[in-house]
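Order of appearance sets the numbers: ligands from 1, and atoms from 1 within every ligand. Numbers here are sequence positions counted from 1. Worth knowing before you read on, the calculation uses all heavy atoms, side chains too, and leaves out hydrogens, waters and symmetry mates.
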Amino acid sequence: MKLLAGKTALITGAARGIGKAIALKFAAEGANIAFTDLVIDENGKATEAEITALGVKAKGYASNAADFAQTEDVVKLVKEEFGSVDILVNNAGITKDGLMLRMSEAQWDAVIAVNLKSAFNFIHACIPVMMRQRGGSIINMASVVGVHGNAGQANYAASKAGLIALAKSVGQEMGPKGIRANAIAPGFIDTAMTQQLSDKVREEWVSKIPLRRGGTVDDIANCAVFLASDMSSYISGQVIQVDGGMNM
Ligand SMILES: NC(=O)c1ccc[n+]([C@@H]2O[C@H](COP(=O)([O-])OP(=O)(O)OC[C@H]3O[C@@H](n4cnc5c(N)ncnc54)[C@H](O)[C@@H]3O)[C@@H](O)[C@H]2O)c1
């Protein structure tokens, strides 16, 4: 029996990277997949086709996760077209790094809106659906820097710490309705986001990781499958660091 058979998962920012890997693993475990991204271009369509090839239903929706009204519309459509939302993964995220002294208001606002407000938008729209179903699993994609902070990423780290507190708060409010909420805190994962870094910076990161490698998108997706499935049915409000032991 597949771990997510018959469930519907909604994953934000999943046309590529970690979100796409989660979508593919969930689909391999039998879940139907609704995903969002800013645009659904050839990349997004290719992702949709790759998921469908695994024998489940898949559809990509173009929407800005930071926009409250757009989110309400997307969740309504997903509910109509898929019938339920059993798993929500708040994955969409951006960085706009800079030292605090030089960080602009625009850099701060953009990162908080896309990384944190988006999760409020989606949780707010999905919990009435999950409450009616008397169950659901919410996963917020945080980061190790949301637990430990990081110089040059005050906006990003604050947004990720917010995602952790949001998961814990929603977990407390919604537990009696059978809804669990957890966060994943990836460490250094090889994706488009980290490929922008210089070789020197990458080597510095890897030297601090006990397992001596960057993580893969599948390392994160495996953890997401666990948190989405009934394998974790007694786990809520937790942050799982998937970081090769970088922060013990
Ligand atoms: N890569 C890492 O090392 C790492 C580490 C820790 C946490 N994370 C987190 O994991 C998540 C995924 O990261 P990734 O490395 O796959 O990044 P990525 O840039 O490859 O993918 C992010 C996706 O989100 C989409 N997106 C951006 N803004 C959006 C918006 N407003 N609405 C909808 N979609 C939007 C992008 O178009 C993209 O498809 C992010 O939340 C990121 O902060 C990544």
Side-chain angles (χ1 to χ4, degrees), residues 10-25 34-48 60-75 78 88-97 109-122 125 139-150 153 155-164 166-167 183-197 201-202 204-206 208-209 213-221 223-224 227 239-244 246-247:
L10 171 54
I11 308 166
T12 66
R16 68 175 196 210
I18 290 172
K20 178 179 175 181
I22 292 173
L24 289 169
K25 286 254 177 201
F35 68 93
T36 75
D37 213 297
L38 277 174
V39 290
I40 302 296
D41 53 12
E42 299 102 75
N43 248 345
K45 284 280 165 208
T47 298
E48 204 179 88
Y61 297 83
S63 98
N64 177 0
D67 187 299
F68 187 81
Q70 281 186 37
T71 301
E72 286 198 316
D73 290 346
V74 164
V75 172
V78 172
L88 167 67
V89 184
N90 288 306
N91 170 77
I94 57 167
T95 53
K96 291 203 182 288
D97 297 350
D109 285 348
V111 168
I112 298 296
V114 175
N115 296 7
L116 182 56
K117 189 186 174 210
S118 61
F120 163 75
N121 293 343
F122 272 89
I139 302 168
N140 286 350
M141 198 54 65
S143 164
V144 289
V145 309
V147 181
H148 304 279
N150 196 23
Q153 286 195 308
N155 52 357
Y156 184 76
S159 73
K160 296 302 187 181
L163 283 168
I164 291 168
L166 179 60
I184 298 176
F188 186 89
I189 309 301
D190 281 318
T191 64
M193 197 177 257
T194 47
Q195 273 150 19
Q196 297 160 6
L197 301 171
V201 173
R202 291 172 66 83
E204 269 169 27
W205 271 93
V206 170
K208 291 180 201 144
I209 300 171
R213 66 168 177 90
T216 65
V217 291
D218 283 344
D219 290 324
I220 305 303
C223 183
L227 288 176
V239 192
I240 302 186
Q241 296 189 169
V242 183
D243 66 356
M246 189 166 60
N247 299 284

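- What sits closest to atom 42 (C) of ligand 1 on the protein, heavy atoms only, is Tyr156 OH, 3.5 Å.
- With hydrogens and angles disregarded, a donor-acceptor distance shorter than 3.5 Å links the side chain of Ser143 to the backbone of Val145.
- Checked by atom type and distance alone, the side chain of Thr71 never pairs as donor or acceptor with a backbone atom of Phe122 at under 3.5 Å.
- Residue Lys160 has at least one N or O atom closer than 3.5 Å to an N or O atom of ligand 1.
- Put simply, NZ on Lys117 and CD1 on Ile112 are 12.5 Å apart, with the number rounded to the nearest 0.5 Å.
- Selection from Gly93, Ala62, Gly17, Ala66 by nearest heavy atom to atom 22 (C) of ligand 1 gives Gly93.
- Nearest to atom 33 (C) of ligand 1 among the protein's heavy atoms is Ser63 O, 3.5 Å.
- The part of Val114 lying near ligand 1 is the side chain, judged by heavy-atom distances below 4.0 Å.
- The protein heavy atom nearest to atom 23 (C) of ligand 1 is Gly13 O, 3.3 Å.
- Smallest separation of non-hydrogen atoms from Asn115 and Ser159: ND2-OG, 3.2 Å.
- For ligand 1 and Ser143, the ligand atoms under 4.0 Å from any heavy atom of the residue are 6 (C), 7 (C).
- The closest protein non-hydrogen atom to atom 16 (O) of ligand 1 is Ile18 N, 2.8 Å.
- Partners of Lys20 under the side-chain hydrogen bond (donor to acceptor under 3.5 Å, both in side chains) rule, at least two apart in sequence or in another chain, are Glu50.
- The pair Lys45-Glu42 does not count as a salt bridge, with every side-chain nitrogen at least 4.0 angstrom from each carboxylate oxygen.
- A distance of 7.5 Å separates NE2 in His148 from CE in Met246, rounded to the nearest 0.5 Å.
- Here Asp37 contributes atom CG and Thr47 contributes atom OG1; the two are 8.5 Å apart, rounded to the nearest 0.5 Å.
- By the salt bridge (Lys or Arg N to Asp or Glu O under 4.0 Å) test, Asp190 is found to be paired with Arg202, residues two or more places apart in sequence or in another chain being considered.
- With hydrogens left out, the protein atom closest to atom 41 (O) of ligand 1 is Asn91 O, 2.7 Å, a heavy atom.
- Shortest contact from atom 26 (N) of ligand 1 to any protein heavy atom: Asp37 OD1, 3.9 Å.
- The backbone N or O of Ala158 sits nowhere less than 3.5 Å from a side-chain atom of Asn155 that would complete a donor-acceptor pair.
- For Gly19, no nitrogen or oxygen atom sits less than 3.5 Å from a nitrogen or oxygen atom of ligand 1, counting backbone and side chain alike.
- Residue contacts with ligand 1, taken as heavy atom pairs separated by less than 4.0 Å, do not involve Ser118 at all.
- Considering backbone and side-chain N/O of Ala65, one or more are found under 3.5 Å from N/O of ligand 1.
- Residue-level proximity to ligand 1 for Ile189 is carried by backbone and side chain together, each with a heavy atom below 4.0 angstrom.
- Listed by number with element, the atoms of ligand 1 under 4.0 Å from a non-hydrogen atom of Leu38 are 28 (N), 29 (C), 30 (C), 31 (N), 32 (N), 33 (C), 34 (N), 35 (C).
- With a 4.0 Å cut-off on non-hydrogen atoms, Ala185 does not touch ligand 1 at all.
- Against a heavy-atom cut-off of under 4.0 Å, Met141 is close to the following atoms of ligand 1: 9 (C), 10 (O), 11 (C).
- Near Gly187, the atoms of ligand 1 lying under 4.0 angstrom from a non-hydrogen atom of the residue are 3 (O), 5 (C), 6 (C).
- Thr12 places a side-chain N or O within 3.5 Å of a backbone atom of Ala92 that can act as its donor or acceptor partner.
- Of the candidates Ala92, Pro186, Ala119, Pro186 brings a heavy atom nearest to atom 6 (C) of ligand 1.
- Listed for the Asn140 side chain is a donor-acceptor partner under 3.5 Å among the backbone atoms of Leu163.
- The protein heavy atom nearest to atom 1 (N) of ligand 1 is Thr191 OG1, 2.9 Å.
- More than 12 non-hydrogen atoms from other residues, nucleotides or ligands lie less than 6.0 angstrom from CD of Gln195.
- At a 4.0 Å heavy-atom cut-off, ligand 1 touches Thr194 through the side chain alone.
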In sequence, state the C-alpha distance, the side-chain angles, and the governing distance for Asn121 and Ser118, and then conclude on side-chain hydrogen bond (donor to acceptor under 3.5 Å, both in side chains).
CA-CA 5 Å; Asn121 293 343; Ser118 61; over 6 Å; no
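- Counting only heavy atoms of the protein, atom 31 (N) of ligand 1 lies nearest to Asn64 OD1, 2.8 Å.
- For ligand 1, the polar-atom distance check finds an N/O of Arg16 within less than 3.5 Å of one of the ligand's N/O atoms.
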